[in-house]
Amino acid sequence: MNFFEELEWRGLIKDVTDYDGLKEKLNNERIVCYCGVDPTADSMHIGHLQQIILLRRYQLAGHMPIALCGGATGTIGDPRPTTERRLITLDEVKHNVEGIKKQLEKFLDIKGGKAFLLNNYDWLGNMTLIDFLRDYGKHFNVSNMLAKDTIAKRLSTGISYTEFTYTILQAIDFLYLYKNYNCILQIGGSDQWGNLVSGTDLIRKVLGDEAKVFGVTSPLITKSDGSKFGKSEGGNVWLDPEKTSPYEFYQFLVNIADDDIINMLKKLSFMSKEEIETLEISLKEEPHLRLAQKALAKGLTLLVHGEEGFNQAVKITETLFKGDIKDLSVDELRVGLRDAKSFEINDGDLLIDALVNTKIIASKREVRELINSRSIQVNGVKVDNFEKVLTKEEAYDHEFIIIKKGKKNYFVLNFK
RNA sequence: GGAGAAGUAGCGAAGUGGCUAAACGCGGCUGACUGUAACUCAGCUCUCUACGAGUUCGGUGGUUCGAAUCCGCCCUUCUCCA
């Protein structure tokens with residue numbers, strides 16, 4: 001199985017500007033390719049992983065990837081299908097670029113010019129309006145731009161001139177990278193198709209047909225239940241351990257539905273066809289072991305959070321799901337619950353008041369309901385009366401109390 | 001600017017004077033089952049000092065013993081026309 005066939009098998013090819021041409025190139029030459037990430041936040045989230053990992057695949061296959069951070073395009077905003085974006089401040093963008101660059105470095109081997117990490121602010125940041133209009137704007141026909149899906153969807157609700165222009169900036173990126181890095185391929189999610197085509201069109205118009213460049217999209221990861229991949233109850237699943245702890249990250253992956261896991265292993269892991277097929281058999285014959293989920297969770301947690309993060313995630317998982325917290329030492333509990341939401345309370349507070357004040361539970365009515373159904377635990381013991389008082393006496397190290405709500409929601413209450 | 005329709009709990013949607021804290025569906029929470037799942041089943045889902053009480057049906061002012069339900073004004077949304 002050659003590289004291109006592997007990409008197809010993994011389901012990473014949706015649309016290609018020139019299918020046969022690209023296949024030919026990838027199998028016979030070492031090429032330079034790029035993928036852009038706009039700094040809309042100071043961390044990437046799990047949804048970005050597919051493209052970043054894809055860049056890494058290209059690198060492992062002998063090609064040279066460029067990860068492009070959109071320090072300039074990020075100040076404008078890629079038009080969303082629904083509504084106009086809020087402009088983020090230049091300082092915010094700067095801050096976000098730093099965060100994202102740091103993350104990108106982890107996925108690509110950039111030593112010795114084997115990959116590049118670039119910022120389009122370096123060439124777009126100081127362009128004058130006149131240059132923009134004369135050198136690039138002239139190549140874009142507004143009628144064609146209006147027909148593009150991303151723009152067309154917005155025509156009824158309205159779109160600003162700013163966002164309308166976004167695709168031109170991204171096209172300039174491709175041209176710049178082609179000229180300066182001999183980059184001939186842009187990859188992206190299927191939502192980026194319009195922008196990729198803008199780039200290849202611009203290059204053809206400026207440099208003529210002999211400049212042979214390609215764009216290829218991969219399908220966005222979809223879940224069998226139709227919901228969006230990458231969101232958990234708490235919101236986005238971020239790569240930044242400060243925003244989403246390694247434990248939460250690991251948990252998100254371990255909980256992926258059976259119907260989706262094989263597809264995700266193909267797209268998000270570096271496991272071979274044989275390895276994945278073995279897991280597929282396991283999934284059918286011994287689904288309760290969830291070897292497939294655990295394999296993906298391990299692979300990605302190691303990749304994103306390193307060995308330490310992975311070990312921490314597994315340790316916490318075992319503590320909270322398998323063990324009885326009463327059997328654990330105070331120190332083990334501290335580690336295991338580092339990621340649980342914690343709140344401050346006073347010595348002698350009523351349990352009911354503490355739960356409502358900390359917003360762990362919305363109202364006293366609901367607390368009564370939960371206590372009645374015996375689903376509140378304090379330090380591993382089920383609560384059965386409404387007058388329960390929390391004291392330092394019963395706290396671990398006289399410092400904190402562990403609340404368990406339902407089956408797997410843990411909270412830590414610290415005494416002031 | 002003109003004509004019409006609509007605004008009910010997180011969402012959708014009943015209700016057109018007292019029996020309505022407001023049917024039903026979705027969503028959410030808890031329990032049983034289980035694989036930390038899916039499915040299924042059961043309970044709960046405005047608040048509280050809780051077998052009772054308080055505050056709700058776009059806003060506001062009325063009518064009435066009594067209003068989400070009737071009337072006036074205002075606000076918002078949608079459709080059609082200019």
Side-chain angles (χ1 to χ4, degrees), chain A residues 46 82-83 156-158 222-229 231-235 237 244-265 279-298 300-301 310-325 327-328 333 335-341 349-378 380-389 402-411:
Chain A
I46 203 163
T82 46
T83 53
S156 56
T157 51
T222 50
K223 295 208 294 184
S224 54
D225 63 3
S227 62
K228 195 174 174 188
F229 171 71
K231 301 260 184 191
S232 70
E233 320 83 64
V237 178
T244 300
S245 71
Y247 162 69
E248 291 168 308
F249 185 85
Y250 180 85
Q251 281 294 318
F252 173 80
L253 294 164
V254 164
N255 281 309
I256 288 172
D258 292 3
D259 288 345
D260 299 322
I261 187 65
I262 295 300
N263 178 27
M264 294 193 190
L265 273 170
L279 288 173
E280 200 166 1
I281 293 169
S282 165
L283 186 67
K284 277 198 191 104
E285 294 179 351
E286 43 188 12
H288 56 283
L289 295 181
R290 283 176 305 144
L291 295 183
Q293 280 91 342
K294 284 176 184 165
L296 183 65
K298 181 176 181 180
L300 288 185
T301 309
F310 171 69
N311 289 338
Q312 186 200 356
V314 171
K315 163 117 192 181
I316 295 172
T317 293
E318 280 172 4
T319 306
L320 298 188
F321 290 102
K322 306 236 163 67
D324 182 339
I325 66 168
D327 297 336
L328 295 172
L333 283 172
V335 176
L337 294 164
R338 196 190 298 164
D339 301 306
K341 292 208 175 74
D349 278 355
L350 266 174
L351 172 67
I352 295 189
D353 291 332
L355 292 177
V356 174
N357 290 338
T358 55
K359 302 211 169 74
I360 291 174
I361 298 174
S363 72
K364 294 190 181 180
R365 205 218 84 257
E366 200 176 340
V367 178
R368 283 162 202 274
E369 186 184 314
L370 292 176
I371 289 178
N372 272 331
S373 56
R374 315 209 84 213
S375 22
I376 299 290
Q377 287 186 18
V378 172
V381 180
K382 282 183 181 165
V383 175
D384 56 6
N385 80 79
F386 303 142
E387 265 80 62
K388 170 84 180 160
V389 173
I402 295 167
I403 301 290
K404 186 179 178 189
K405 167 180 164 260
K407 222 180 257 179
K408 49 178 181 176
N409 304 300
Y410 286 90
F411 303 90

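Just so it is clear, the values below take in all heavy atoms, side chains as well, and ignore hydrogens, waters and symmetry mates. Convention: sequence-line order gives letters A, B, ...; per-chain numbering from 1.
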Short side-chain N/O contact to [N] OP1/OP2 from [X], under 4.0 Å:
X	N	answer
A:R290	B:rU36	yes
A:T317	B:rU36	no
A:S363	B:rU47	yes
A:R368	B:rU49	yes
A:N255	B:rG35	no
A:K364	B:rU49	yes
A:R365	B:rU47	yes
A:K408	B:rA37	yes

Whole-Å distance separating the [atom1] atom of [X] from the [atom2] atom of [N]:
X	N	atom1	atom2	answer
A:K382	B:rU30	NZ	C1'	12 Å
A:L253	B:rG35	CG	P	22 Å
A:K404	B:rC29	NZ	P	16 Å
A:L289	B:rA37	CG	C1'	13 Å
A:R374	B:rC29	CZ	P	22 Å
A:E369	B:rU45	CD	C1'	7 Å
A:E286	B:rU34	CD	C1'	17 Å
A:E366	B:rU47	CD	P	7 Å

Fill in: Distance-only donor-acceptor test (3.5 Å): side chain A:Q251, base B:rU36
yes

Worksheet item: Can you find a donor-acceptor pair, distance only, under 3.5 Å between A:K294 side chain and B:rU36 base?
Response: no

[atom1] atom, [N] versus [M]: distance in rounded Å?
N	M	atom1	answer
B:rG2	B:rC48	P	48 Å
B:rA38	B:rC46	C1'	33 Å
B:rC71	B:rG54	C1'	28 Å
B:rA14	B:rA32	C1'	33 Å
B:rA67	B:rG61	C1'	14 Å
B:rG72	B:rU64	C1'	16 Å

Worksheet item: Who passes side-chain contact (heavy atoms from CB on, under 4.5 Å) against A:N385, sequence neighbours left out?
Response: A:E387, A:K388

Worksheet item: Of the non-hydrogen atoms in A:Y410 and A:K404, which two are nearest, and what is the gap between them?
Response: OH-CE, 3.6 Å

Give me the distances for all protein-to-nucleotides 76-79 of chain B N/O pairs that come in under 3.5 Å?
none

Worksheet item: Salt bridge check: are A:R290 and A:D258 linked by an N-O gap of less than 4.0 Å?
Response: no

Item to complete: Could you work out which one of B:rG31, B:rU36, B:rU34 sits closest to the side chain of A:V254?
Response: B:rU36

Discussion item. I want to verify a distance call: between B:rC48, B:rG35, B:rU30, whose nearest atom is closest to the A:L370 side chain?
Written reply: B:rU30

Discussion item. Between A:V356 and A:Q293, which residue's closest nucleotide on RNA chain B lies nearer the 5′ terminus?
Written reply: A:Q293

Discussion item. Considering every strand and a 4.0 Å limit on heavy-atom distances, what is the contact class for A:N372: base, sugar-phosphate, or nothing?
Written reply: nothing

Discussion item. Applying a 4.0 Å non-hydrogen cut-off, can you work out what A:K407 is touching in the nucleic acid: base, sugar-phosphate, or nothing?
Written reply: base

Worksheet item: How far apart are the C-alpha atoms of A:R374 and A:D384, what are their side-chain angles, what is the distance that settles it, and do they pass the side-chain contact (heavy atoms from CB on, under 4.5 Å) test?
Response: CA-CA 7 Å; A:R374 315 209 84 213; A:D384 56 6; 3.5 Å; yes

